[in-house]
Structures are given as C-alpha cells and as structure tokens.
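Below is one structure, written out as structure tokens, with a few remarks after it.
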There are 2 protein chains.
Amino acid sequence: MGRRKRARPRLSEEAFVARCRAHGLAVTEQRRRIFAALAASRDHPSAEQIHRAVRERLPNLSLATVYKNLEALRRIGAVSDVNTLHDQGRYEAALLATGKGEPHHRLVCVSCKRILDLPDKGFDALRVSPSLTQGFEVRAVRVQVEGVCPQCRRKRRSPRRRKP
Amino acid sequence: MGRRKRARPRLSEEAFVARCRAHGLAVTEQRRRIFAALAASRDHPSAEQIHRAVRERLPNLSLATVYKNLEALRRIGAVSDVNTLHDQGRYEAALLATGKGEPHHRLVCVSCKRILDLPDKGFDALRVSPSLTQGFEVRAVRVQVEGVCPQCRRKRRSPRRRKP
DNA sequence: TTATATGCAAACTGTTTGCACGTAG
DNA sequence: CTACGTGCAAACAGTTTGCATATAA
C-alpha cells in the first residue's frame, strides 16, 4: 500500500470533497483518509489492506466503516471495485477430451456474474510488450469481455443477482 | 447448469477415471458425477450450483464433499478454477484527477493475487466480433495478463499467499 | 483389509447489518 | 438541531476442517 512515497493527490482530494457534497455525503476524517489511501496506492487494495493502512493514523477506525464507505463511494462513482467476480469460486473441467487447456478468453455478465468461454483465435495471438510488464513472469494473456447477457438484458427489472 | 441436453462426454469420462487411478484417487459415484456436471456445463458453475445439480441424482451429497472434490481434482489437473481472484474484493479510486476511467488492463499475480494497472494503448483498441458474443451487450474489453510478480519470483519458496 | 472418501457439524474468513452514540453541516 | 456516519457486536455467505462412519481397491 501507500507506505513509501508521500504521494499527495491534492487535485483528486478537492474533487473528492466536491463529489461527496454533491451527493449529500458528509466529509469525515475516515472517509477522506479511506479515499486518500485508495488514491495513493498503485495496486488495488482489499478492504483489510485499506483498513490496516488508514489505521496507522486513525487507530480506532473499524473495518465495518471501511466497507460502508467503499460501498457509499462506489455509489457516487468515486470508487470502483476492480474484481467483479469476487463473490464465489467458479470451476471448469480441464484438459482431457474436452478440448480445453488453452488460455481461453471470457464473456462475463456484469449483472448475474455468469462466465462463458469466448473462443477467439484472434485474441489467442495477443502478446504483451515486456516493457510494460513491470518484472512479471507472464503466464497467460486473457481477454475478458464484460457485458450484459441475454437473460439479464431481458429481465432488466429483475436481474438474476446483486447490486443495481 | 446441464439441465437441458443429456450431453454425455463419454470420452472425457474414461480419461477422467484413468487420471484418478493414476493419481491414487478412488473413483466414487460422487466424484464422477461432480466431474460430469462440470464437463457437461457450458458456463463455469460455482460449488453450490454443482451441488444443486448433482443432488438431483444423489440427494444426500454434501456441499463439503463438493468442495473437497473440486480441490482434489484441481490437484490432479482435472479441474481448474476459473476465478483466481475470488478470495476478496479489490478497489480503486475512480474518475477525478486520477486520470482513470478508461477500461484499463491488468497485471495479476497468480501467487499473491496482487493486481496492477497495465496501461497499454495497443490493447485499448481491441474489439470483439459480434458473431462471438452470444447476445451479450458488450460494455468493456479488458486484457488480463496473468503471471508471477517480482516479489513472488524472488521468494518462490515462501510466496505471499495461498495454494502452491 | 486398509487407505481413501463421505456426511455432518463446527470453525473460519470476508462481508453485511442493527443499533446506540457521535459529529458534520 | 438533525441527518448522516461511526464503532461495536452479531449475523451471514462461502469455504475449510475434524471426526466417525462407509466404501473402493
């Protein structure tokens, strides 16, 4: 997390306060620090990581408050959650006569979280420039196409799951 | 799940039994049906979905058994889990002066699950052929590069998290 | 016969909720 | 002053584990 450099994203902090006001959210110390921790971090921290980081300054910050804020800030568009698919594990049969095994691509429904295979020969050829991989040892390049599946498009008023 | 067609993946079933034997796993009714459910399904079911599906035939199958089998089958390479990042939510600051907002790409460490942004102009131009999207309303095309981050490459013997 | 698998219940982890109190506006 | 936010503890969902019993090999 933002342990190293004292990165001060002043600009976004003002915009942040403005956006809170615009949406009727009070600007509290906790809220500001949670957002600041997020804005300062280069990776995409979990709620617990944010909690640990902000706690160094606000020792009685509760984890529940972190969650409540992440959700509130998500609603006003100041935060987004990187991991649409974190609610449960998903499995597939591997190898064998199933004709699988290649690093295949995916079609993900952002509403019901359904995942379908996306066989696209064009995508299979994708490579990433080593100058961009920040020292990672690359194992697979996978394309994830996010959208709304036919079922969820139909029943827009009663989608199969989760947050509006 | 595989409710519709009586898809019988005979071939993979034999290969499955062989692979179990090769790795000293007993071939039980439960194990075969769990794998069969997985092999027959077009999407990537969760443990609960598999449980519900197999339960129609084996009514006292326990959910714990499903989990134990998924893990055992993963170890012998007969099953793989589609969703590396399902263990916890990850967040990021959105919009504002952060210069974000574009559907950006990602570098994911398969070992410690860390997620970094991957700004690659080339990838931004990717489009998916409508003939492949199975009726989805496409919202974003995102490239996910999976690999091992520098830290985890170094401490290969003591990675920062999870399953070997 | 014996190593492995099963089912149950209890434990654990990440997340959410209810409520009394506190604080921003 | 009043609506909204906070912290705590309890509730929840998904997953894992321990153990007595059952079954494959």
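A note on names: the letters A, B, ... follow the listed sequences, proteins ahead of strands, and every chain is numbered from 1.
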Task: Euclidean distance, B/Asn83 CG relative to B/Ser46 OG, rounded to 0.5 Å - done: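 Those atoms lie 11.0 Å apart.
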Distance check needed: [N] [atom2] versus [X] [atom1], whole Å only.
X: A/Gln30; N: D/dC8; atom1: CD; atom2: P; answer: 11 Å
X: A/Tyr67; N: D/dA9; atom1: OH; atom2: C1'; answer: 16 Å
X: A/Ile34; N: D/dG5; atom1: CD1; atom2: P; answer: 12 Å
X: B/Leu58; N: C/dA5; atom1: CG; atom2: P; answer: 16 Å
X: B/Arg52; N: D/dA13; atom1: CZ; atom2: C1'; answer: 13 Å
X: B/Gln88; N: C/dT15; atom1: CD; atom2: P; answer: 6 Å
X: B/Gln49; N: D/dG14; atom1: CD; atom2: P; answer: 11 Å
X: B/His86; N: D/dT16; atom1: NE2; atom2: C1'; answer: 12 Å

Task: B/Arg139/A/Glu146 salt bridge by N-O under 4.0 Å criterion - done: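 So A/Glu146 does not pair with B/Arg139 through a salt bridge.
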Open item on the list: Can you build the contact string for nucleotides 18-25 of chain C? Use B for base contact, S for sugar-phosphate-only contact, and - for no protein heavy atom under 4.0 Å.
Closed with: BB----SS
Open item on the list: OP1 or OP2 of C/dT6 versus the side-chain N and O atoms of B/Asn69: is any pair under 4.0 Å?
Closed with: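 Result: yes.
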TODO: Could you say whether A/Ala47 or B/Thr65 is positioned toward the 5' end of DNA chain C, judged by the nucleotide with the nearest heavy atom to each?
DONE: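 So the residue in question is B/Thr65.
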Task: B/Glu29 side chain near B/Leu58 side chain, heavy-atom distance below 4.5 Å - done: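 In short, these two side chains touch, coming nearer than 4.5 Å.
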Open item on the list: With a 4.5 Å cut-off on side-chain heavy atoms, are A/Leu85 and A/Lys113 touching?
Closed with: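 Of all side-chain heavy-atom pairs linking A/Leu85 with A/Lys113, at least one is under 4.5 Å.
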TODO: Measure from the side-chain heavy atoms of B/Arg31 and tell me the nearest of C/dT6, D/dG7, D/dT15.
DONE: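 Ranking C/dT6, D/dG7, D/dT15 by closest atom to the B/Arg31 side chain puts C/dT6 first.
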- [ ] Quick one: label B/Leu63 by what it contacts on the DNA or RNA (base, sugar-phosphate, nothing), any heavy atom closer than 4.0 Å.
- [x]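 Answer is base: heavy atoms of B/Leu63 come under 4.0 Å of a base.
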Open item on the list: Tell me whether A/Arg55 contacts the main-chain N or O of A/Leu61 through its side chain, where contact means a donor paired with an acceptor under 3.5 Å.
Closed with: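 Yes; judged by distance alone, with no hydrogens or angles, the pair exists.
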Open item on the list: Between B/Gln30 and B/Thr65, is there a side-chain donor-acceptor contact under 3.5 Å, judged purely by atom types and distance?
Closed with: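 Looking only at side-chain atoms, B/Gln30 and B/Thr65 do not form any donor-acceptor pair under 3.5 Å.
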Task: A/Asp117 side chain to B/His44 side chain, donor-acceptor N/O pair below 3.5 angstrom - done: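 Their side chains do contain a donor-acceptor pair, which is all the 3.5 Å distance test asks for.
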- [ ] Take A/Ala72 and A/Arg55, find for each the nucleotide of DNA chain D with the closest heavy atom, and name the residue whose nucleotide sits nearer the 5' end.
- [x]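 By nearest-heavy-atom nucleotide position, the 5'-most residue is A/Ala72.
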